[in-house]
Amino acid sequence: MSFETGTLTDMSDANSIADPIVLVAASAVKNPVNLGRFWNDCGGFTENESNRKFDVFSRSETQRAGTTGSWADGTTTDALPVVSTVGLIKGLVLQVEDEVVVVKNVASATTIDVVARGAAGTTGVAHSAKPYTVIGSAINDIDLKDIGSVTEITNVFNNFMQTVAEPIDFTKGGQIDARKGLSANQVALVQEEAMTRVAKNIFASSIKGLKQQKSGDAPYMTAGLIQQLTDTTGGRVVLEDSSVGVLTETKLRSAPRQVTATGMPTDIYVSSANKNIINEFLGSASASQVALNSDIRNTTAGYFVDSYNYEGQILNVKIDLSMSDDVIAIVNINKCKKGWKLNDALEYTDEPALSSREKRASFNGSYGLAIEDVGYEHIVMTGVTQA
């Protein structure tokens, strides 16, 4: 698999400002087929970040559902207790078990008044800690002036640009003398080898990277996929299906059920070991849940799951060798972005010479990763075991 170096990498573009040595070396990278799939799938930043520190945004979405307190009877309309009135406004139609009520007023942080009990022909009854859902909004023409509003907020996750560097040392003799098993053009070969090491470092950090702000000798580091999907610092909202245990299809299905209630996931990233388990789902009683690759013919041995069908939402199942066996990430890849710092994209640079017989160069640049709309578009399964 080649190495996607970001924006402006079209080698046929005569006006591209990307480093041509980077492009040639990147196109020659020969990593294993399942290494770097997540990084290469990520889209690019809309524009390169100009600062080392950058913000990743997730827009909140108020969930209009909750739980009642104790409604002692089926007639009381005032000061009915609920766990929280966040997201509730006048005119919302609530269903509690088989009873429907219309909110008349949000009386406090934990109580509401309703127009009447048993609206729309339903029957008012007592409820004790029962879930409710919003099934619509209904107001009188003259009531609009009295309705409150709900304002969504933007959650911010701070991340940093991480600098990758891969030095290359040449000697005069090494550049002009062929070595056994190698071509005469030693420079191009070692450039390709160095770029392969760059790619492997970036592939690993794009999934397992942890963020760090520079302090003293400690360098900037960027948060990868898993940290961005699980970091709850400051009350940040995430979707996490934790302590999964032995992976089964029932457990795998529970994660899409949660995330499709708030987002539109597209891909499932797994380790090779977890992919083997998912492949076995073809033989399970619920194999109809699995979408088979239509290109398989009777003359082809072996079988595999290349996509998972959750209620019509087709999720591509992909191995990335940087994924750990204990975690599975289900993401909307359209919300996963990678990018290079402005004026610090990956480049090939001559470094200070060590002597007249030696030459030193490096591939280096600063990059970051942004997983947008965490808590709504993506979910991570943790605590996964194979047996």
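Quick caveat, the model's predicted, so the values are computed rather than measured. If you read the sequence from its start, that first residue is 1, and numbering goes on from there.
- Rounded to the nearest 0.5 Å, atoms NZ (K341) and OG (S50) are 7.0 Å apart.
- Between M381 and S242, every side-chain heavy-atom pair lies at or beyond the 4.5 Å cut-off.
- Across every non-hydrogen atom of L210 and M221, the tightest pair is O-CB, 3.2 Å.
- Residues N276 and N279 form a side-chain contact, since some pair of their non-hydrogen atoms from C-beta on lies under 4.5 Å apart.
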Per-pair distances, 0.1 Å, donor-acceptor, side chain in residues 265-272, under 3.5 Å, sequence neighbours excluded:
unit_1: T266; atom_1: OG1; unit_2: V331; atom_2: O; d: 3.3
unit_1: T266; atom_1: OG1; unit_2: I333; atom_2: N; d: 3.0
unit_1: D267; atom_1: OD2; unit_2: N316; atom_2: ND2; d: 3.2
unit_1: D267; atom_1: OD2; unit_2: K318; atom_2: NZ; d: 3.2
unit_1: Y269; atom_1: OH; unit_2: D41; atom_2: OD2; d: 2.6
unit_1: S271; atom_1: OG; unit_2: N274; atom_2: N; d: 3.2
unit_1: S271; atom_1: OG; unit_2: N274; atom_2: ND2; d: 3.4
unit_1: S271; atom_1: OG; unit_2: D325; atom_2: OD1; d: 2.8

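- One hydrophobic cluster, built from ILVMFWY side chains closer than 4.5 Å, holds both L239 and L252.
- Proximity of a side-chain donor or acceptor of K275 to a complementary backbone N or O of V305 within less than 3.5 Å is detected.
- For the atom pair S322 OG and F203 CZ, the distance stands at 8.5 Å (nearest 0.5 Å).
- Y310 has its side chain within reach of R253: a pair of non-hydrogen atoms, C-beta onward, lies under 4.5 Å apart.
- Side-chain contact between D306 and F304: present, with at least one pair of heavy atoms (C-beta onward) separated by less than 4.5 Å.
- Residues R52 and T163 have side chains that bring a donor and an acceptor to within less than 3.5 angstrom of each other.
- Under the 3.5 Å distance criterion, the side-chain polar atoms of T68 are matched with a main-chain donor or acceptor of K130.
- At least one donor-acceptor pair closer than 3.5 Å links the side chain of H378 to the backbone N or O of E372.
- Annotation: side-chain hydrogen bond (donor to acceptor under 3.5 Å, both in side chains) contacts involving residues 74-85, sequence neighbours excluded, comprise D73-T75, D73-T76.
- One distance of note links CD1 of I328 with CD1 of I278; it measures 5.0 Å at 0.5 Å rounding.
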Next item on the list: Determine, stepwise, if the pair T260 / E311 fulfils side-chain hydrogen bond (donor to acceptor under 3.5 Å, both in side chains).
Entry: CA-CA 10 Å; T260 53; E311 302 294 343; over 6 Å; no

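- Annotation: side chain of I371 is not in contact with side chain of K335 (no heavy-atom distance under 4.5 Å).
- For Y367, the ring pair (Phe, Tyr, Trp, His ring centres under 6.0 Å) partners two or more places apart in sequence, or in a different chain, are W39, W340.
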Next item on the list: Could you give me the CA-CA distance, side-chain angles and deciding distance for L80 and T111, then say whether side-chain contact (heavy atoms from CB on, under 4.5 Å) is met?
Entry: CA-CA 5 Å; L80 294 172; T111 59; over 6 Å; no

Margin query: Run the side-chain contact (heavy atoms from CB on, under 4.5 Å) test on L88 and L94 for me, step by step, so that the C-alpha distance in whole Å, both residues' side-chain angles and the decisive distance to 0.1 Å come before the verdict.
Written below: CA-CA 10 Å; L88 296 181; L94 312 184; 4.1 Å; yes

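- Annotation for I314 and S307: closest pair CG2-CB, 3.7 Å, computed over non-hydrogen atoms.
- In the hydrophobic clustering of ILVMFWY residues, with side-chain heavy atoms under 4.5 Å counting as a link, V106 and V115 come out apart.
- Atom CD1 of I207 sits about 11.0 Å away from atom CZ of R37, to the nearest 0.5 Å.
- Side-chain contact annotation: D55 with N158, donor-acceptor N/O pair under 3.5 Å present.
- Considering all non-hydrogen atoms of both residues, K337 and G44 come closest at CD-O, 3.7 Å.
- Note on V93: it does not cluster hydrophobically with I89, by side-chain heavy-atom contacts below 4.5 Å among ILVMFWY residues.
- Between E377 and T262, the side chains place no donor N or O within less than 3.5 Å of an acceptor N or O (distance only, hydrogens not considered).
- Within the model, atoms CD1 of I319 and CG of L35 stand 12.0 Å from one another, a figure rounded to the nearest 0.5 Å.
- Judged by distance alone, the side chains of E351 and S362 do bring a donor and an acceptor atom under 3.5 Å apart.
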Check: Checking side-chain contact (heavy atoms from CB on, under 4.5 Å) for the pair D326/T382: CA distance, chi angles, key distance, verdict?
Finding: CA-CA 6 Å; D326 62 348; T382 56; over 6 Å; no

Item checked: Intermediate values then yes/no, side-chain contact (heavy atoms from CB on, under 4.5 Å), E240 and I379 -> CA-CA 6 Å; E240 182 176 356; I379 189 169; 5.7 Å; no

Check: After noting the C-alpha distance and the side-chain angles of S254 and D241, does the key distance pass the side-chain hydrogen bond (donor to acceptor under 3.5 Å, both in side chains) rule?
Finding: CA-CA 8 Å; S254 71; D241 192 351; 2.8 Å; yes

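- Connection of F160 to I202 is not established within any shared hydrophobic cluster, with ILVMFWY side chains joined at heavy-atom distances below 4.5 Å, either directly or through further cluster members.
- Residues L229 and A329 come closest through the heavy atom pair CD1-CB, 4.2 Å.
- Rounded to the nearest 0.5 angstrom, N343 CG and S366 OG are separated by 11.0 Å.
- Side chains of N364 and T349 form a contact here, defined as non-hydrogen atoms less than 4.5 Å apart.
- Taking the six-membered ring for Trp, F54 and F45 have ring centres closer than 6.0 Å.
- Criterion: ILVMFWY side-chain heavy atoms under 4.5 Å apart, direct or through other members. Under it, V82 and V125 are not part of a common hydrophobic cluster.
- Distance alone, capped at 3.5 Å, is enough to place a donor-acceptor pair between the N309 side chain and the G312 backbone.
- The minimum heavy-atom distance linking G368 with M161 is given by the pair N-SD, 3.3 Å.
- Shown here for D320 and F38, the closest heavy-atom pair between the two residues is OD2-N, 2.9 Å.
- Sequence neighbours left out, the pairs with a member in residues 216-239 that pass side-chain hydrogen bond (donor to acceptor under 3.5 Å, both in side chains) are N159-T222, D231-T233.
- Using a 4.5 Å cut-off on side-chain heavy atoms (C-beta onward), L346 and M195 make contact.
- The number of heavy atoms from other shown groups lying within 6.0 Å of NZ (K104) does not exceed 12.
- Within the 4.5 Å cutoff, no side-chain heavy atoms of Q313 are placed close to those of P256.
- Applying the salt bridge (charged side-chain N to carboxylate O under 4.0 Å, His left out) test to R197 and every residue at least two apart in sequence or in another chain returns E166.
- For residues 116-129, the side-chain hydrogen bond (donor to acceptor under 3.5 Å, both in side chains) pairs, not counting sequence neighbours, are E97-H127, E99-R117, E99-H127.
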